[in-house]
Amino acid sequence: MPSSASNPVWRRLRADRAAMAGLAVVVLLLLLAAAAPLVTALEGQNPTAFHNELIDSATGGVPIGPFGGASARHWLGVEPGTGRDVLARLVYGAQVSLSVSLGATVVQVALGTLVGLAAGLGNRLADTVLSRTMDLTIAFPGLVFAISLMAVVPGSFPRPVLLMLVLGVLGWGGTARLVRGQALSLRSLDHVAAARLSGARSWRTARREILPGLAAPVITYAALLLPGNVTAEAGLSFLGVGVRPPTASWGQMLSGATTWYQADPTYVLLPAGLLFATVLAFTLLGEGLRTALDPRAKSRLRRTRSRRSRQVAST
Amino acid sequence: MIRFLLRRAFSTLTVMLVLSVVVYLVFYAAPHDPARLVCGKGCDGVRLAVVRHKLGTDLPLWQQYWQFLHGLLAGRDFDAGTDVTHCSAPCFGYSFQTDQPVLGMITARLPLDASLAVGAAVVWLLLGIGAGVLAALRRGGIGERALTGVTLAGMAMPVFLVGLLLMMVCCGYLQWLPFPSYVPLTQDPLAWASNLALPWLSLALVMAAAYARMTRSALLETLAEDHIRTARAYGLGERRIVLGHALRGALTPVITLLAMDLGGLLGGAQLTESVFGFDGIGRLLVESVNTIDLPVVVGITLFAGFFIVIANAVADLLYALADPRVGLQ
Amino acid sequence: MTSDLLEVADLTVDFGAVRAVDGLSFTLAAGRSLGLVGESGSGKSTVAAALLGLHRTSGAEVGGTILLDGTDVQQASDAELRLLRGARAAMVFQDPLSALDPYWSIGAQIAEVYRVHTGSSRRAAAERAVQVLDRVGIPDAARRAAAHPHEFSGGMRQRALIAMALACSPKLLIADEPTTALDVTVQAQILDLLHELRVEHRMALLLVTHDLGVVAGNTDRVLVMQGGRAVEHGPVAEVLGAPADPYTRELISAVPRLDARRAASSVAAGEVLLSVQELRKEYPVATRGLFGRRERLAALDGVSLDLHRGEALGVVGESGSGKTTLGRLLVRLLEPTAGRILFEGRDLAHASERELRPVRRELQMVFQDPLSSLNPRRTIGDAIADPLRVQDRIGEPQARTAVGELLERVGLPADWYGRYPHEISGGQRQRVGIARALALRPRVLVCDEPVSSLDVSTQAQVVRLLAELQREFGLTLVFVAHDLAVVRQVSDRIAVMRAGRVVELGVADEVYENPQHPYTRQLLAAVPVPDPVVEGDRRVARAVLASASAVQ
Amino acid sequence: MSKSRAVAAAAGFALLAGLATACGGGAAKGSATAAFDPATCQGGTLTVLAQQGQGKFDPAELYTSGGGKVPTLVFRTLTTRDHTTGGPDGAKVVPDLATDTGEPSQDATVWTYHLKAGLKFEDGTPIRSADVKYGIERSFAPELPGGPPYLRDWLIGGEQYAGPFKGADLPSIETPDDSTVIFRLTKPEGDFPYLATATQFAPVPRAKDTGTDYQKHPISSGPYVVTSNDNGKSMVLERNPYWTRSIDDQRLACPDKIVYTSGLDSAVINQRLAASSGDDARAVSGDTDIDAGILARLNSDAELRSRVTTGYFGATQYLAFNPTVKPFDNPLVRQAISYAVDRQSVINAVGGSAVAKPATTFLPDQPAFGYTPYDYFPSGPSGDPAKAKELLAQAGYPNGLSITLSHATSQTDIGPAVAAAVQEALGKAGITVKLDPSADDDYGTRTQLPSSEPGFFISGWGADWPSGGPFLAPIFDGRQILTAGGNFNSAQLNDPQVNAEIDAANKLTDPAAAQRAWGQLDAELGKQAWTVPLYHPVYKRLVGKDVKNAYVSQWNGVYDLSRISVK
């Protein structure tokens with residue numbers, strides 16, 4: 001994108017305080033996740049070591065001491081039942097949450113853009129077939145299918161990658177619809193006709209005249225997909241079909257919460273707060289990007305989105 | 001109208017058929033032997049073969065699918081030579097692990113999910129549309145900013161988080177409400193409602209956020225349309241303009257979304273059920289996944305898909321009925 | 001002064017820092033009419049909205065006084081304003097489709113307005129709606145009142161909107177560009193209807209328009225606006241006949257005259273360069289039935305014509321006549337359903353994109369919308385250089401030089417290579433479009449409505465430029481437009497199109513001065529001419545023509 | 001091999017996994033017994049809150065221990081567990097329909113029972129010996145799968161018999177008169193009285209048998225009749241007018257009505273019972289142990305504490321080795337792992353010391369099983385990694401080794417939490433453990449099929465009755481290696497000496513002698529480190545605040561519904 005076009009975007013984004021707050025949180029989370037080994041080294045803990053001495057086995061494994069057993073050695077306390085360090089598990093959980101949701105978004109956007117472009121720029125047969133496929137993905141009960149898929153894939157397959165693929169494969173329909181629509185409307189613009197008239201080959205036309213026009217809506221849409229994927233990953237792990245122990249994940253911690261919330265509220269509130277902050281930050285950033293990139297295209301995006309992405313995550 | 005319905009039915013059927021093929025292939029092509037799971041201890045070659053034959057898993061995949069389809073439309077028998085298990089149409093499959101027709105297992109839990117979905121929908125529509133309209137009419141005020149904040153927060157809260165926190169506060173600390181456990185409406189309406197209050201609220205808060213945002217933006221969009229200017233230019237009052245002209249246009253997409261959401265929820269509200277420990281379709285699915293009870297997994301996936309496909313069709317129908325421009329072609 | 005229905009004094013409207021209307025004062029007596037004329041951005045529509053206090057909800061700041069039928073619009077309460085709106089002063093908007101509520105039937109919308117202001121019963125209101133619909137010439141009004149706006153044609157919708165304005169018998173009718181979205185023949189009907197109603201109901205009319213021709217036939221006085229200020233104000237005959245202000249003079253001289261003959265073409269028309277035979281283009285429309293055949297609509301229904309080397313062919317027609325389709329087929333942006341496109345003896349009708357590539361440089365096009373015809377993300381220099389890069393594979397320095405020359409040739413600074421489309425004006429963008437089309441030195445240039453989105457003054461410049469370039473490069477020009485006057489300025493021959501067919505084809509002067517086909521006659525009669533006297537005669541002529549075609 | 005036996009084994013596995021739905025209560029000192037008077041205990045409605053449904057409520061298909069919990073209210077059997085007392089004595093067999101616990105022949109291959117006088121079904125018809133025979137026979141029908149596998153193995157002709165529906169009868173069950181039943185066995189079985197507590201020994205009137213539909217309304221011989229049954233998900237039981245305490249000295253049958261509700265979440269059951277509001281005050285936990293939320297409150301809440309009862313069920317959770325997979329063929333490796341295991345972490349993972357006791361023996365720590373304490377690889381509460389490393393070095397792995405631990409994905413006691421605890425502990429000893437999860441039922445199938453059995457996995461075994469026989473034989477008897485699936489002999493051990501000792505112990509009809517024999521065998525087997533015992537589960541369950549006389553037996557460790565009062 002030429003600099004003169006991106007500058008106003010950045011300027012508008014900078015002026016959006018909510019978006020900047022979201023961006024700050026996102027950056028912080030990314031740093032925290034990337035530096036997880038560093039953070040735990042600083043604390044002197046690791047996410048898998050059991051500390052039987054820090055929990056009271058007689059009461060089911062509640063951490064000894066107030067605030068979930070928080071201490072100078074375990075800054076955010078320890079996990080009930082195992083005594084594993086909560087801070088370490090949270091930051092390693094951030095790795096899972098962020099990598100899965102980012103990866104899933106990349107898969108969704110890549111697949112969606114590819115299919116959408118093929119449908120929007122291809123011939124009528126390709127368009128019909130691909131559009132029907134998009135409709136079909138919309139008819140797929142997302143969460144149901146995700147849960148079921150997680151079951152039939154052999155246990156040896158790496159779970160985070162599987163989560164990325166499953167969420168990605170189930171969630172590309174919206175992007176594809178958006179891209180197809182955009183490609184179709186871009187294709188009908190006269191500057192594309194002008195490019196054809198100059199004798200340019202179709203791939204050159206697509207690259208120069210159509211793809212740049214897709215960047216803004218696709219980036220925006222991806223930014224709006226991301227928080228949904230964070231929620232979806234947490235939801236699947238909450239249901240026990242996401243990442244597997246001993247890998248740490250926020251959703252898993254929360255599913256344990258159904259038994260622990262009375263005995264050890266700290267253990268519930270920490271992953272809950274972190275998950276909430278992450279989703280909110282991504283949402284704010286996405287909304288900010290949307291208004292910054294294209295102040296007018298509001299309903300178009302929201303409608304496609306609300307029809308789709310919430311299904312995987314919300315119920 | 002009839003042509004519209006016929007065409008919609010036709011395309012709906014096609015989508016369902018493709019859906020069933022995909023679901024069937026994905027699950028039955030996976031490397032699990034349902035017969036072995038059912039057959040259990042001391043299951044030697046002959047016995048295993050009999051069970052395989054009864055389940056139909058000794059046939060090529062396409063024949064299995066054909067039998068499945070046949071069962072769906074006309075019912076089918078699972079024949080093991082001596083004993084025959086009949087599964088009448090529409091046969092969504094037969095769970096040999098629990099020895100029940102899948103459809104029966106699903107419909108036994110449907111009242112719960114229906115109660116959950118419909119009750120929550122009422123709450124979220126009231127909350128969402130109300131808040132959305134207010135936000136659109138009081139633009140720029142503190143109220144609108146607060147509402148934007150609340151709806152954003154609502155959208156950032158997965159239902160299992162809201163439910164967990166609500167339960168923690170309302171049932172744990174304050175003890176306002178009982179720990180939810182489903183009571184059928186027919187048995188005790190009051191208990192039904194009080195036990196479902198929290199799940200409704202949790203689900204509704206999450207959904208209402210999206211509905212409020214959608215209503216608000218749709219209403220603002222409609223209010224900016226030329227025909228609203230016309231209405232003003234012809235001396236119509238604001239109330240009449242908003243309620244009579246703007247809201248109708250703004251709610252059309254909301255109605256569509258509602259149909260879709262309800263369709264999705266009727267196929268099982270996995271996370272909500274899981275948080276509140278309800279034995280609904282969603283939980284049945286999670287359990288069946290853990291026990292690899294494939295017929296149930298396939299049945300629920302299809303069932304949920306059917307609801308969504310039908311909801312899609314209903315949404316289109318509603319849209320066409322609501323918007324004279326779309327028309328029932 | 002007190003007898004005036006509308007008194008506007010020192011009106012200013014500010015949108016933030018932008019002053020859209022600056023110290024405007026005028027009056028309008030009951031039963032009289034005033035034309036508010038100006039190019040886009042002159043503030044004329046802002047004035048119209050201010051008269052009914054419509055800026056209250058838009059956040060604009062309005063200063064000065066507006067006295068409408070005894071009500072001080074500035075000071076009035078919302079309730080008082082509502083009593084004024086629609087009842088004593090009604091407004092007709094430019095785009096009748098978006099101006100009507102798509103969810104309500106036409107009759108219901110009119111009835112609602114009537115009920116709000118008269119408090120009458122539902123029945124009485126419904127009857128009134130049918131009555132006014134009938135008055136504005138909606139056939140079978142009682143039944144059609146139940147129809148929704150999208151079921152009406154453009155002209156019918158505008159009639160319905162006028163009916164709504166009529167419902168409460170207002171004293172003032174404000175018409176904001178009421179015919180801009182309409183075809184010229186429909187425009188004439190609507191203007192005639194307005195005229196009739198005004199006479200009949202003794203309504204005052206404030207007509208906002210950019211078209212001096214429209215003013216000429218429909219108003220007593222005219223106020224010319226530029227940049228939010230009034231530059232000239234007087235009786236229509238005076239202002240149009242002897243403009244005092246230089247801007248007005250320029251505006252009037254820029255208006256293309258239907259009766260102005262073109263200076264004889266300097267290029268002698270040569271042999272046939274491009275020829276189309278029985279050209280047909282169909283589009284699929286809605287499917288019928290479950291498995292039914294797709295119904296097809298012919299946008300072009302068997303057109304044959306020859307294009308001679310160096311000639312300029314004008315193609316005119318109303319919307320939906322197929323003229324744009326023909327233009328795009330000529331350069332093979334579209335593939336015809338049937339027929340032949342012979343270029344230098346080769347049939348290009350079904351040539352593949354690869355086969356077309358070498359021919360492309362000979363056939364170029366200038367597009368209608370200068371905004372969508374330029375990629376917003378690329379510089380205008382790149383836009384012009386692209387064809388050269390593709391076809392001639394030239395290097396960057398040559399490209400820069402070539403682009404500089406072309407820019408200069410179309411009247412733009414040679415160093416504008418790095419500018420983006422959104423940084424330049426509409427007329428300049430169209431010049432860029434022309435430069436791009438000329439970059440490959442084509443032999444045939446098809447211009448599709450090249451000036452229709454431009455203001456009158458800019459229009460004239462671009463048309464002049466095209467005429468020059470045609471001479472200079474010896475171009476074979478196809479000029480597609482709906483504006484008959486513009487087309488006459490550049491064309492040697494004229495093809496008149498209707499419903500996908502060419503109904504008349506001939507030498508320009510003959511077609512204009514002695515039209516053979518009734519449709520051509522109708523078309524010519526509908527074009528407004530900025531001369532009040534002529535316009536009066538033409539109205540009579542139109543009435544005669546209309547009754548003649550009704551008899552047919 | 002029959003389908004019923006096959007499914008039975010799967011059900012047995014589920015039973016020990018804590019999912020069993022039909023276990024019956026016995027004896028251990030209850031807390032709410034003070035004000036209890038059997039004479040005035042009648043009345044009210046008792047609610048049973050459970051996660052799992054009862055499933056098919058057919059005596060032929062049920063697989064319960066000691067006559068079960070709900071089933072014991074409807075089905076009387078030839079013998080039953082001692083309902084009248086808590087504690088270890090509750091693990092004894094007493095007569096129910098029969099006059100005594102059975103008269104064995106000299107070599108314990110023929111068992112004779114006599115029915116008490118005056119026994120009636122719910123419709124008033126007398127219960128005859130033929131009804132008992134028919135009840136057992138129909139459990140052989142493939143249409144009615146489920147139930148324990150022993151009848152098929154023990155009764156002569158059982159292997160081939162396919163049930164009475166096609167007209168055939170089983171000659172090894174004789175009914176010389178209306179009150180006498182004689183069983184002829186293929187081999188000596190001193191434990192036959194224990195087996196006779198199973199619901200398959202409940203009488204079924206042939207005239208009222210509706211085949212697979214019988215489960216909807218089975219004919220009661222006990223104090224309650226089934227008045228509503230929704231596939232076992234929810235059931236309502238009401239009084240049987242033809243039952244009186246005069247013909248049944250085991251059951252008190254205090255409530256007028258018993259409502260069974262399932263499909264509830266474990267946390268919900270605990271929260272509801274703790275709150276004890278409304279009907280929940282007269283409710284008991286059907287299958288759910290208290291969780292951390294309740295445990296944490298017990299210290300400060302004496303009232304709540306008084307409503308929790310602790311029960312013991314003979315079961316052991318263990319790590320299983322498959323010596324056909326390297327390196328588990330090496331005893332030193334198995335021993336090293338035994339040393340490295342951190343039992344405290346494992347116990348914490350399943351809910352803490354309140355619900356599990358560390359195990360070093362394979363036999364449960366109850367006298368009825370012949371418990372003989374031993375700890376050959378003492379690892380303390382949290383493992384001895386140094387000793388483990390030493391043994392590994394001896395075994396030829398001085399730099400540690402990498403192994404794979406298989407586990408199930410969702411069940412707590414064989415699931416990921418336990419696996420992670422083992423993984424962490426072995427890691428300290430230089431053993432890198434890769435986890436290999438599979439879905440629960442898949443896991444069961446995989447681990448019980450010798451050809452697909454993983455080398456190292458989490459398993460468990462629970463008693464069908466409190467005796468060493470059914471505890472050790474399926475795991476270590478070489479003749480019980482089932483190559484076609486359903487195999488629990490995970491070490492695939494076929495040691496003639498072990499087999500001979502099992503046969504010898506089975507012959508013993510004197511419980512004390514049998515206990516000694518089984519205890520000795522367990523201690524011998526323990527030296528070989530074929531398994532690493534992890535813990536014995538403890539049941540801790542809640543009752544509502546108006547529930548009286550709630551106590552548990554050591555037979556199955558859960559509340560005895562037949563003795564509870566809610567008045």
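These numbers come from the heavy atoms of this one structure, side chains and all, not from hydrogens, waters or symmetry mates. Below, chain A is the first sequence line, B the second, and so on; all start at residue 1.
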**Option that, when pairs with chain C are counted at under 4.5 Å, heavy atom only, ranks first among B:Glu238, B:Glu225, B:Arg229** = B:Arg229
**Over all atoms of both residues, closest heavy-atom pair of C:Tyr103 and B:Gly249** = CE1-CA, 3.1 Å
**Message:** Using a 4.5 angstrom heavy-atom cutoff, name the option from B:Ala231, B:Ala233, B:Ala224 with the most pairs to chain C.
**Reply:** B:Ala233
**Message:** Please classify the contact between B:Thr222 and chain C as side chain, backbone, both or neither, with a heavy-atom cut-off of under 4.5 Å.
**Reply:** neither
**Message:** To the nearest 0.5 Å, what is the distance between CZ on B:Arg240 and CZ on C:Arg115?
**Reply:** 6.5 Å
**Message:** Is C:Leu100 close to chain B through its backbone or its side chain, or both, or neither, when contacts mean heavy atoms under 4.5 Å?
**Reply:** backbone
**Prompt:** NE2 of B:His227 to CG of C:Leu97: how many Å apart, nearest 0.5 Å?
**Reply:** 10.0 Å
**Request:** Answer with side chain, backbone, both or neither: which region of C:Ala165 has an atom nearer than 4.5 Å to a non-hydrogen atom of chain B?
**Result:** both
**Request:** Inspect the surroundings of NE2 in B:His70 and state if more than 12 heavy atoms from other residues, nucleotides or ligands are less than 6.0 Å away.
**Result:** no
**Asked** Does B:Leu236 offer a backbone N or O that forms a donor-acceptor pair with the side chain of C:Arg85 under 3.5 Å?
**Response** no
**Prompt:** With distance as the sole test, does B:Tyr234 use its side chain to make a donor-acceptor pair with the main-chain N or O of C:Met91 at under 3.5 Å?
**Reply:** yes
**Request:** First locate atom CD of C:Gln109, then atom OG1 of B:Thr230, and finally report the distance between them rounded to the nearest 0.5 Å.
**Result:** 8.0 Å
**Request:** Answer yes or no: are there more than 12 heavy-atom neighbours, outside C:Glu61 itself, under 6.0 Å from its atom CD?
**Result:** no
**Prompt:** Which atom names give the shortest non-hydrogen contact between B:Asp226 and C:Ser98, and what distance separates them?
**Reply:** OD2-OG, 2.7 Å
